[in-house]
**Student:** 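Pasting a structure below so you can have a look.
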Amino acid sequence: MKAFILLLSLFFIGIAKPDHVSSRFKAPAGFQQVIASPGSFGAWLQALALKPTGTPARTYKGDIARTNLYTAAIVDMSVGTQDLQQCADAVMRLRSEYLYQQKNYKAITFNFTSGFKCDFVHYADGYRYSNEHWALKAKKDYSYPNFLRYMNLIFSYAGTLSLQKELKKVSDPNELKAGDVFIRGGSPGHCFIVLNVAEDARHHKKFLLAQSFMPAQNIQVLQENGDPWFSLDKKSGIPYGELISQEYLKRFD
C-alpha cells in the first residue's frame, strides 16, 4: 500500500511539474541543444515556464491575438491590462525578470526614447519620473508588484528605437546564443528574442524565437508552418521575418 501511495505521489508530482522551453521543444533531428552557462540569462530562458499546450495567444483585453497562427507556445507570464507590453517591451520584461530573480537590481535599467536613464533602484527607492528628472515621492519598495509598476513605466517611454541603441552588435552569427535579440528600431519597429539554440555537427544553428506584438499580447514562442525552429540560412515568412538575419542580431552583454 505504501508503495502504491508513493507511486501515486510521484505521478501527481510529474503532472504538476511545470513545462518549460527546453522540455517542450526538443532539438531537431541531427541537432543538440547548446547548453547555456549556469546562471546566465540564456539558461534562465531555456528554463522559462510555459502555459499548457494549446493555450492561444491573447491580447491584454483577452481577445485571441491576430498572431495566434504563429503560436508554438505561450510563456507563463502576465501581459497586464493595458496596451503596453508590446515587442521591445516583452524583451525588456524577460531581461528584467531574470535580473530581478537574481536580485541584481542595479542592472535593471533602460533608457527612454528621449535618452533618460530609468533604473529600477531609483524607482524602488521611491523616486518617480517627472519631466526628465527623478522626484522623491514614495517609500522604498523592492516588492514584485512595485517591480511590475516600474516595468509599466519602461513600457510607456522606451521601445525598439531606444533598446536597439543599448544592445551590442553580434558580429559573428556563429556565436548566436539564447538571449540574443533580432531588432530594428522604428515606429513601428519590431524585435524577436532567442529562447534556445540547437547545433549540428557542422555547427549549423537553429533557434527558438519569442515575441509580443501590437496590441499588447502574451509573449509567444513562434512557429512557421508548424516548425518552431528558425535558421539564419532560411528566409522566414512570418510578420517581420526579414529581421531574422545577422544584420539585426544584437545582445545585452
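For this chain, numbers begin at 1 and follow the sequence in order.
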**Student:** Side chain of D227, backbone of W229: donor and acceptor closer than 3.5 Å?
**Tutor:** yes
**Student:** Does any N or O in the side chain of S212 come within less than 3.5 Å of the main-chain N or O of A90, such that one atom is a donor and the other an acceptor?
**Tutor:**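 Answer holds: no.
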**Student:** According to salt bridge (charged side-chain N to carboxylate O under 4.0 Å, His left out), who are the partners of R24, at least two apart in sequence or on a separate chain?
**Tutor:** D19
**Student:** Take a 6.0 Å sphere around OH of Y127 and say whether it holds more than 12 heavy atoms from other residues, nucleotides or ligands.
**Tutor:**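 Atom OH in Y127 is not packed in, count stays at 12 or less.
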**Student:** Measuring centre to centre across the rings, with the benzene-like ring taken for any Trp, is F213 within less than 6.0 Å of H190?
**Tutor:**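 Aromatic pair counts; centres sit under 6.0 Å.
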**Student:** So do the side chains of R58 and I64 get within less than 4.5 Å of each other, counting heavy atoms only?
**Tutor:**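 Yes, close enough: below the 4.5 Å cut-off.
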**Student:** Out of curiosity, does F192 fall in the hydrophobic cluster containing L161 (side-chain heavy atoms, cut-off under 4.5 Å, transitive links)?
**Tutor:** no
**Student:** Would you mind reporting whether K106 and V121 have side-chain heavy atoms less than 4.5 Å apart?
**Tutor:**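 A side-chain contact exists here, since the closest heavy-atom pair is under 4.5 Å.
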**Student:** Using a 6.0 Å cut-off, check whether atom NZ of K169 has over 12 heavy atoms from anything other than its own residue.
**Tutor:** yes
**Student:** Ignoring hydrogens and angles, tell me if any N or O in the side chain of T160 forms a donor-acceptor pair with the backbone of G186 under 3.5 Å.
**Tutor:** yes
**Student:** Can you check whether Q164's main-chain N or O pairs, donor with acceptor, with K250's side chain at less than 3.5 Å?
**Tutor:** yes
**Student:** Quick one: does S96's side chain get under 4.5 Å of F110's, heavy atoms only?
**Tutor:**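 Counting from C-beta outward, S96 and F110 do come under 4.5 Å.
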**Student:** Within this structure, what is the OG1-CD distance for the pair T55 and Q220, rounded to the nearest 0.5 Å?
**Tutor:**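 Reported value, rounded in 0.5 Å steps: 12.5 Å.
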**Student:** Same cluster or not: are L222 and L208 linked, directly or through other Ile, Leu, Val, Met, Phe, Trp or Tyr residues, by side-chain heavy atoms under 4.5 angstrom apart?
**Tutor:**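 No, no single cluster joins them.
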**Student:** Check for me whether the distance between the ring centres of F120 and Y150 falls short of 6.0 Å.
**Tutor:** yes
**Student:** Given 3.5 Å as the limit, does a donor-acceptor pair link the side chain of S156 with the main chain of N152, or not?
**Tutor:**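 Judged by distance alone, yes, a pair lies under 3.5 Å.
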**Student:** Got a donor-acceptor contact below 3.5 angstrom from the Y60 side chain to the P215 backbone?
**Tutor:**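 Not at all, since once roles are kept as given, no pair shorter than 3.5 Å links the two residues.
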**Student:** What I'd like to find out is whether the side chain of V221 reaches to under 4.5 Å of the side chain of I74, using heavy atoms alone.
**Tutor:**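 Not in contact.
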**Student:** Ring centroid separation for F116 and Y129, is it under 6.0 angstrom?
**Tutor:** yes
**Student:** Please evaluate residues L153 and C118 with respect to the criterion side chain to side chain contact (heavy atoms under 4.5 Å, CB included), reporting the C-alpha separation (whole Å), side-chain torsions for both, the decisive distance (0.1 Å), and the verdict.
**Tutor:** CA-CA 9 Å; L153 177 63; C118 185; 3.7 Å; yes
**Student:** Apply salt bridge (charged side-chain N to carboxylate O under 4.0 Å, His left out) to residues K206 and E199 and explain how you reach the verdict.
**Tutor:** CA-CA 6 Å; K206 291 189 176 184; E199 187 177 67; over 6 Å; no
**Student:** Do you reckon W134 sits in the same ILVMFWY cluster as Y157, going by side-chain contacts under 4.5 Å, direct or chained?
**Tutor:**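 Yes.
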**Student:** Would you say V194 and L45 are hydrophobically clustered, going by side-chain heavy atoms of ILVMFWY under 4.5 Å?
**Tutor:** no
**Student:** Using side-chain hydrogen bond (donor to acceptor under 3.5 Å, both in side chains), reason through Y144 and E97 one step at a time and then give a plain yes or no.
**Tutor:** CA-CA 10 Å; Y144 187 69; E97 287 277 352; 2.6 Å; yes
**Student:** Would you check if I193 and L94 make a side-chain contact, meaning some heavy-atom pair closer than 4.5 Å?
**Tutor:** yes
**Student:** Take F207 and F182 through the test ring pair (Phe, Tyr, Trp, His ring centres under 6.0 Å) and record every step on the way to the result.
**Tutor:** CA-CA 12 Å; F207 43 88; F182 293 98; 5.7 Å; yes
**Student:** Is R149 paired with D141 through a side-chain N to carboxylate O contact shorter than 4.0 Å?
**Tutor:**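 Yes.
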**Student:** Could you list the donor-acceptor pairs under 3.5 angstrom formed by side chains in residues 230-240, with sequence neighbours left out?
**Tutor:**
from, atom 1, to, atom 2, distance (Å)
S231, OG, D233, N, 3.0
S236, OG, E224, OE1, 3.0
S236, OG, I238, N, 3.3

**Student:** If you count every heavy atom of other residues, nucleotides or ligands that lies below 6.0 Å from Q32 atom CD, does the total exceed 12?
**Tutor:** no
**Student:** Does the side chain of L209 reach to within under 4.5 Å of the side chain of I244, using non-hydrogen atoms?
**Tutor:**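 SC-SC contact between L209 and I244 confirmed.
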**Student:** Hey, is the main chain of I108 close enough, under 3.5 Å, to the side chain of R95 for a donor-acceptor pair?
**Tutor:**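 Flag not set: sc R95 to bb I108 has no pair under 3.5 Å.
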**Student:** Same cluster for Y248 and L163 if Ile/Leu/Val/Met/Phe/Trp/Tyr side chains link at under 4.5 Å?
**Tutor:**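 No, because Y248 and L163 fall into different hydrophobic clusters, even though each may have its own neighbours under 4.5 Å.
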**Student:** Any chance you could lay out the side chain to side chain contact (heavy atoms under 4.5 Å, CB included) test for L48 and H20, step after step, and finish with the verdict?
**Tutor:** CA-CA 5 Å; L48 199 59; H20 55 80; 5.7 Å; no
**Student:** With a 3.5 Å distance limit and no angle check, can you tell me whether S40 reaches the backbone of A43 through a side-chain donor-acceptor pair?
**Tutor:**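 Yes; judged by distance alone, with no hydrogens or angles, the pair exists.
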**Student:** Check whether any side-chain heavy atom of F25 lies under 4.5 Å from a side-chain heavy atom of L195, and answer yes or no.
**Tutor:**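 No, too far: nothing below the 4.5 Å cut-off.
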**Student:** Got a sec, which residues hit side chain to side chain donor-acceptor pair (under 3.5 Å) with D89, two or more places apart in sequence or on another chain?
**Tutor:** none
**Student:** From the options D253, D180, V181, select the one residue that forms a side-chain contact (heavy atoms from CB on, under 4.5 Å) with L167.
**Tutor:**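 The residue from D253, D180, V181 that satisfies side-chain contact (heavy atoms from CB on, under 4.5 Å) with L167 turns out to be V181.
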**Student:** Between the main-chain N or O of A73 and the side-chain N or O of T71, is there a donor-acceptor pair closer than 3.5 Å?
**Tutor:**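 Such a contact is absent between T71 side chain and A73 backbone.
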**Student:** May I ask you to check whether over 12 heavy atoms, not counting those of N225, lie within 6.0 Å of atom CG?
**Tutor:**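 Incorrect, the count does not exceed 12.
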**Student:** For residues Y70 and Q211, determine if any side-chain heavy atom of one lies less than 4.5 Å from a side-chain heavy atom of the other.
**Tutor:** no
**Student:** Is the centre of the F41 ring less than 6.0 Å from the centre of the Y98 ring?
**Tutor:** yes
